[in-house]
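The structure under discussion appears below in the form of structure tokens.
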Amino acid sequence: MYFTITPSPYGDIALTANDQGLTALAFQDSALPLIIDESYTENTTHFTPVVQQLAEYFSGHRTVFDLALAPQGTPFQQKVWQALLTVKQGETKSYLWIAKKINNEKAVRAVGAANGKNPIALIIPCHRVIGANGKLTGYAGGLALKAKLLMHEQAQFSV
């Protein structure tokens, strides 16, 4: 397991990965920073493509990430995270939309819980899920960060 910390316009970002791909991304100044223990080895070169694509995203030159991802979660969580990857930059979707996308319309609350457990924030774009009324709803990194990311992406939402 590898890690690195990289700067962003919204504070430092912690990244972790294994040999299969990126396992976590967290804004360290947010409500849920990533805790990195002694099982991780610092390795900046392992994250060169991630850091490059993040820089391109923050400079407005990238709208889609092309990285190997290896998030750890239940089969249901994996389905939700795969559905999140279909939400394009500049769009927002509701929890109901995600539930329908995974063919489980009654699982809106479970979708919300899985969304909140997304370990690879930003790249698996859980910040693009808002309430059915267009208002911001929970975000592990905090609503202020969610709003900043959506504004960066020029997405429509209300507060």
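No hydrogens, no waters, no symmetry mates; every other heavy atom, side chains included, goes into these values.
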To the nearest 0.5 angstrom, please state how far the [atom1] atom of [X] sits from the [atom2] atom of [Y].
{"X": "Tyr40", "Y": "Asn18", "atom1": "OH", "atom2": "CG", "answer": "9.0 Å"}
{"X": "Glu105", "Y": "Leu96", "atom1": "CD", "atom2": "CG", "answer": "5.5 Å"}
{"X": "Leu22", "Y": "Leu67", "atom1": "CG", "atom2": "CG", "answer": "7.0 Å"}
{"X": "Thr16", "Y": "Asp37", "atom1": "OG1", "atom2": "CG", "answer": "10.0 Å"}
{"X": "Leu85", "Y": "Leu69", "atom1": "CG", "atom2": "CG", "answer": "6.5 Å"}
{"X": "Asn118", "Y": "Gln77", "atom1": "CG", "atom2": "CD", "answer": "9.5 Å"}

With sequence neighbours excluded, residues passing ring-ring contact (aromatic ring centres under 6.0 Å, His included) with Tyr57: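 If we apply the ring-ring contact (aromatic ring centres under 6.0 Å, His included) test to Tyr57, skipping adjacent residues, the hits are Phe65, His152.
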
Partners meeting ring-ring contact (aromatic ring centres under 6.0 Å, His included) with Tyr2 (sequence neighbours left out):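 Partners of Tyr2 under the ring-ring contact (aromatic ring centres under 6.0 Å, His included) test: His46.
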
Give the minimum heavy-atom separation between [X] and [Y], together with the two atoms involved.
{"X": "Pro119", "Y": "Thr23", "value": "CB-O, 3.5 Å"}
{"X": "Asp12", "Y": "Pro7", "value": "OD1-CA, 3.7 Å"}
{"X": "Pro33", "Y": "Ala26", "value": "C-CB, 4.4 Å"}
{"X": "Ile98", "Y": "Ala83", "value": "CG2-CB, 4.2 Å"}
{"X": "Phe58", "Y": "Ser8", "value": "CE1-CB, 3.6 Å"}
{"X": "Gln78", "Y": "Gly73", "value": "NE2-N, 3.4 Å"}

Is it the case that Thr44 and Thr4 place a side-chain donor and acceptor less than 3.5 Å from each other?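 There is no such pair (donor and acceptor under 3.5 Å, judged by atom type) between the side chains of Thr44 and Thr4.
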
Between Asn43 and Thr41, is any side-chain donor less than 3.5 angstrom from a side-chain acceptor?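 No pair is found: no donor N or O on one side chain lies under 3.5 Å from an acceptor on the other.
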
Count I, L, V, M, F, W, Y as connected when their side-chain heavy atoms are under 4.5 Å apart, and connections chain through other members. Are [X] and [Y] then in the same cluster?
{"X": "Leu34", "Y": "Leu145", "answer": "no"}
{"X": "Val50", "Y": "Met1", "answer": "no"}
{"X": "Phe3", "Y": "Leu54", "answer": "no"}
{"X": "Ile36", "Y": "Ile13", "answer": "no"}

Counting C-beta onward and ignoring hydrogens, is there a side-chain heavy-atom pair between Thr6 and Phe47 closer than 4.5 Å?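 Sidechains of Phe47 and Thr6: no contact.
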
Leu122 vs His127 side-chain heavy atoms within contact, under 4.5 Å: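 Touching, per the 4.5 Å side-chain cut-off.
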
Does anything in [range] form a salt bridge (charged side-chain N to carboxylate O under 4.0 Å, His left out)? List the pairs, not counting sequence neighbours.
{"range": "residues 140-158", "value": "Arg128-Glu153"}
{"range": "residues 72-84", "value": "none"}
{"range": "residues 93-104", "value": "none"}
{"range": "residues 59-68", "value": "Glu56-Arg62"}

Tell me whether Gln89 contacts the main-chain N or O of Val64 through its side chain, where contact means a donor paired with an acceptor under 3.5 Å.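 Answer holds: no.
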
Between the side chain of Trp97 and the main-chain N/O of Thr92, is any donor-acceptor distance below 3.5 Å?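 Not confirmed, Trp97 side chain does not pair with Thr92 backbone.
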
Step-by-step side-chain contact (heavy atoms from CB on, under 4.5 Å) determination, Tyr139 to Val129: CA-CA 9 Å; Tyr139 183 59; Val129 180; over 6 Å; no

Stepwise side-chain contact (heavy atoms from CB on, under 4.5 Å) check, Leu136 with Leu150: CA-CA 10 Å; Leu136 294 185; Leu150 291 173; 3.6 Å; yes

List the steps, then state whether side-chain contact (heavy atoms from CB on, under 4.5 Å) holds for Leu15 with Val51. CA-CA 9 Å; Leu15 303 164; Val51 171; 4.1 Å; yes

Kindly indicate, with the supporting measurements, whether the criterion side-chain contact (heavy atoms from CB on, under 4.5 Å) is fulfilled by Leu149 and Phe27. CA-CA 12 Å; Leu149 293 172; Phe27 289 88; 4.2 Å; yes

